[in-house]
Amino acid sequence: MEDLGKVFISERVEQKWTSKWHDECCFDKTVDNSKESFCILMPPPNVTGVLHMGHLLNNTLQDVFVRRARHCNKCATWIPGMDHAGISLQVKVEKELIQSGINPKKIGREMFLDYARAWRDKHGGMILSQLKSLGVSCDFKNQIYTLNENYSLAVLTAFVELYKRGYIYRGKRIVNWCPKTLTALSDEEVIMKPQKSKLYCVRYDIVERPGQFIDISTTRPETIMGDAAIAVNPDDERYKGLVGLHCKRPLNIADIPIIADQAVDKNFGTGILKITPAHGAVDFAVAQRHSLPIIDILNPDGTLNALAGDEFVGLDRFVVREKAVEKLQMMGALPKVEEYENNVGFSERGDVPIEPRLSEQWFLKYPKIHEARCAVSKGFIKFYPKRWEKTYLHWLDNIQDWCISRQLWWGHRIPVWYKKNSDRSNSDNWHVSVDRPSNIADWEQDEDVLDTWASSWMWPLGVFGWPNQEKMSQECFQYFYPTSVLVTGPDIIFFWVARMIIASMEFLGPDKKSLSDEEIKERIPFKSVYFTGIIRDKFGRKMSKSLGNSPEPLDLVAKYGTDGLRFGILLSAPSGQDLIFNEENLKLGRNFCNKLWNAFRFSRINRSYKPYSQVPLADIVAKIEVADLDIDDHAILSNLIKFCITFEGQMKNFEVNAAINSISSFFWNEYCNWYVEASKVRLRGENKTVFAVHDIIMRQLLLLLNPFIPFITDELWNVGEYEHNQRSMQNLYCETAKDLQLAFHALNLDETSIATVLQLKEFLNLSRRLISQCRESKERMALYICPPNEVAMNILKDYTLKLQQLVGLEKIDFTDKILQFPSIQTPLGIVYLHVTQINTPEEKKKLTLEINKLSKLIKLSEVQLSNKEFLSRAPAHIIEGSKKMLRENTFKREELCKILSMM
RNA sequence: GGGGAAUUAGCUCAGUUGGUUAGAGCAUCAGCAUGACACGCUGGGGGUCACUGGUUCGAAUCCAGUAUUUCCCACCA
């Protein structure tokens with residue numbers, strides 16, 4: 001065996017294993033019909049993105065799941081991809097063009113797209129290569145990009161099909177308009193932010209009643225010029241007489257009617273609402289009901305147009321707000337201004353307030369809402385943690401039509417052509433098809449592209465080549481669909497998760513108006529959804545570029561090693577909760593790896609016989625001499641099985657954090673701190689059985705740990721020569737608890753050894769406490785033990801050698817007398833420490849304290865056991881337990897009292 | 001306004017259907033070069049389980065209410 005250094009140095013092995021895995025095609029998609037399939041689709045990162053902590057967590061989890069699946073004898077694949085990131089990329093390219101003096105709007109669509117593609121090729125896709133270096137085990141040869149020809153076909157086919165099925169329509173409606181990126185947005189892309197603003201009270205004169213006026217509250221005086229009416233609630237007694245009259249619009253002066261509409265809230269402000277049909281969703285609805293004119297005073301970029309009147313034309317909306325206020329004040333039409341906090345919608349990408357704007361867009365009325373609902377509520381798709389189901393269902397219950405067109409160039413261009421010089425509002429003049437019309441010269445294509453999410457929602461179908469049947473079978477759709485688990489953040493539950501489910505319900509299989517439960521089950525895109533937490537900094541803030549509170553993942557790799565980083569991040573990720581990032585945990589991850597490294601070094605140290613070649617578990621077990629097995633061997637092997645059962649359950653339920661803690665606790669506490677230490681005495685004698693037990697534990701740990709820390713485990717697996725000819729352990733089978741039980745059958749493991757070892761542990765702990773309290777010098781000391789019975793005596797006698805080693809004692813002796821030494825009670829008897837000088841008052845104080853504590857417990861038990869209700873209602877084992885405790889504590893107290901009386 | 005989640009040691013969190021004296025890791029304190037590991041080992045201290053009621057023989061756990069924190073949805077008057 002080669003010489004391993006004291007410290008595990010991650011970077012020495014990472015590169016090697018990354019290339020090895022990919023050279024050996026460990027992660028290539030294959031189909032093995034004898035095995036269960038397992039498939040994860042990577043949520044495609046934005047082509048514009050760079051690796052951040054969220055990706056790290058998300059992809060580490062996916063990697064853990066897929067690697068674990070491979071060890072569980074599943075035929076597993078993980079398909080990576082990349083999202084073209086519509087607005088995001090377009091904004092980036094525009095910025096770059098402007099910086100180099102090019103007006104992106106003027107160069108035309110084709111040239112812009114050339115620039116965009118060039119940008120993508122140069123800067124795009126950083127993440128995937130960064131992920132590769134983090135050890136993710138996806139099939140990099142099989143990357144899907146949302147603008148690929150095949151994938152685009154899926155996106156466009158979906159559009160065309162939905163149009164044919166009557167779900168897509170073109171409409172002139174109020175949409176969320178981003179004046180910065182000059183495109184419409186979906187409701188989901190609007191972020192509400194609380195803003196400190198002002199509530200202006202504006203005075204409108206009543207035309208028919210000179211000298212009379214009404215006051216109206218508004219936060220947006222710049223839209224007054226677009227007012228088409230003034231509305232009150234029909235039930236509002238105060239204003240009943242006004243309905244049907246007119247009032248004077250104070251800016252861009254005109255007479256506008258006073259109308260009554262239910263949409264007005266009597267209790268807000270003065271109870272009067274100004275109606276600006278082109279610039280508010282409610283207002284637009286009111287205007288439609290009352291056939292009001294629509295006065296659109298805004299340009300797409302947020303400046304005002306001629307309809308606003310000469311004095312405002314060309315000015316920005318916020319400049320106009322100030323000017324309007326000034327003017328109203330001069331006119332005496334502004335009786336009151338109050339400070340006011342309200343929520344304002346911001347454009348997610350542009351980060352400016354969105355403008356509700358009337359415009360013509362493509363809308364989708366969601367299909368298969370009921371089915372998408374059932375898929376989750378009936379448990380065909382399981383959410384982890386389950387509570388996100390409510391959020392999902394609530395969204396579906398309140399779903400609004402989706403504006404899917406974007407006024408951008410980068411993306412999937414809407415597959416609709418209009419007859420040249422014809423009326424576009426008449427659908428007779430449309431050609432809606434994946435293929436362009438044959439006499440293309442007579443047609444012009446819709447200028448817009450689809451919302452990026454209207455392409456990513458096809459992900460589970462598109463990656464498998466839908467709708468092309470040939471491609472689908474080539475991509476093994478039948479075998480891998482539905483995919484196993486989707487790992488993503490809850491922040492895109494509406495954007496993406498819900499929509500993927502809807503798309504799958506609608507498009508998989510024949511077109512049907514509704515689906516049976518069986519059909520829903522067949523169409524689900526994934527069986528489980530694992531929602532990760534959101535990574536926050538230690539102040540609980542989201543990690544973001546603007547706050548600068550996100551560490552650079554690759555720096556962390558350099559500091560803690562990839563394995564340490566992976567382990568650390570999972571350690572701090574309790575399931576179902578946001579996680580507070582703490583670099584301390586990464587240190588723990590690194591330390592864990594180092595501990596594993598050294599435990600391995602220990603298990604291989606000083607071995608005279610040759611390393612194994614190709615070692616199946618059975619061969620190692622066969623090296624054990626059953627007669628040589630001692631209590632610790634029995635206990636550690638029994639514990640290994642117990643721990644594996646726990647671990648398997650946790651992994652099955654996606655409790656990664658808990659699983660890591662179990663494995664860490666078994667490895668560190670049971671194995672390193674107890675078994676390794678206890679076995680040192682026997683290892684002096686080249687005990688084959690002990691070597692074999694170490695080997696079994698190490699081998700199993702490496703297999704179980706591999707999904708979490710793939711580099712170090714593969715390295716050790718090979719150094720340890722569990723496999724001959726330096727093969728990676730990636731696709732090896734990991735024995736289950738059941739397999740272990742079978743393999744250990746011939747060993748006749750005694751499970752009661754676990755309890756006995758627990759007693760020994762406590763005995764040891766208490767003895768050590770006594771020693772550390774009363775230690776007089778660095779010399780080794782002597783203990784005298786007074787066991788309460790034969791059984792305890794025998795346990796201790798068998799263990800004497802180990803005890804001496806573990807406590808570092810000069811001598812252990814047994815006694816049946818009460819000695820004048822400092823003492824402590826243990827489950828295996830009273831222990832006396834031989835000292836030259838005893839501090840009697842101190843000892844007396846200690847004993848009295850202990851006696852008092854016992855007395856309290858005894859009292860408690862007595863009270864409980866004298867309670868008739870308790871005796872008649874509590875289950876037998878609880879009563880028995882209480883009695884046993886009373887007995888034991890009474891006995892203990894008597895013992896201590898005796899010692900005390902002798903002092 | 002509607003809904004979700006959280007509240008347990010200084011910090012981060014476990015605590016399974018109520019049941020013996022509430023756990024872990026980190027931090028802290030003390031000790032230790034003990035045949036892998038100081039990225040380590042050993043031991044100690046530290047909790048009125050947010051609060052108030054209720055159900056129960058028995059409540060961190062179940063119920064009701066209160067408080068605080070937090071997230072999501074709705075909302076440019």
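Letters A, B, ... mirror the listed sequences (proteins, then strands); counts begin at 1.
- The nearest heavy atom of RNA chain B to Q773(A) and to N673(A) marks one nucleotide each, and the one closer to the 5' end goes with N673(A).
- Across rG3(B) and rC13(B), the matching P atoms stand 26 Å from one another, rounded to whole Å.
- If you take atom P in rG23(B) and the same atom in rU48(B), they sit 15 Å apart, rounded to whole Å.
- The separation of rA6(B) from rA60(B), taken at their C1' atoms, amounts to 14 Å, rounded to a whole angstrom.
- Within 4.0 Å (heavy atoms only), N765(A) reaches sugar-phosphate atoms of the nucleic acid but no base atom.
- Going from atom CD1 of I275(A) over to atom P of rC76(B) covers 12 Å, rounded to whole Å.
- Of the C1' atoms belonging to rU61(B) and rU17(B), the separation is 11 Å, rounded to the nearest Å.
- With both ends at atom P, the span from rG15(B) to rA50(B) equals 15 Å, rounded to whole Å.
- In terms of phosphate contacts, N585(A) brings no side-chain nitrogen or oxygen within less than 4.0 Å of OP1 or OP2 of rC26(B).
- Between H877(A) and K390(A), the residue anchored nearer the 5' end of RNA chain B, judged by the nucleotide with its closest heavy atom, is K390(A).
- If you take CD of E762(A) and P of rG44(B), they are 11 Å apart, rounded to a whole angstrom.
- In this structure, rA24(B) forms a base pair with rU12(B), meeting either the Watson-Crick or the G-U wobble geometry with both donor-acceptor distances under 3.5 Å.
- Across the P atoms, rC62(B) and rA14(B) are found 15 Å apart, a figure rounded to whole Å.
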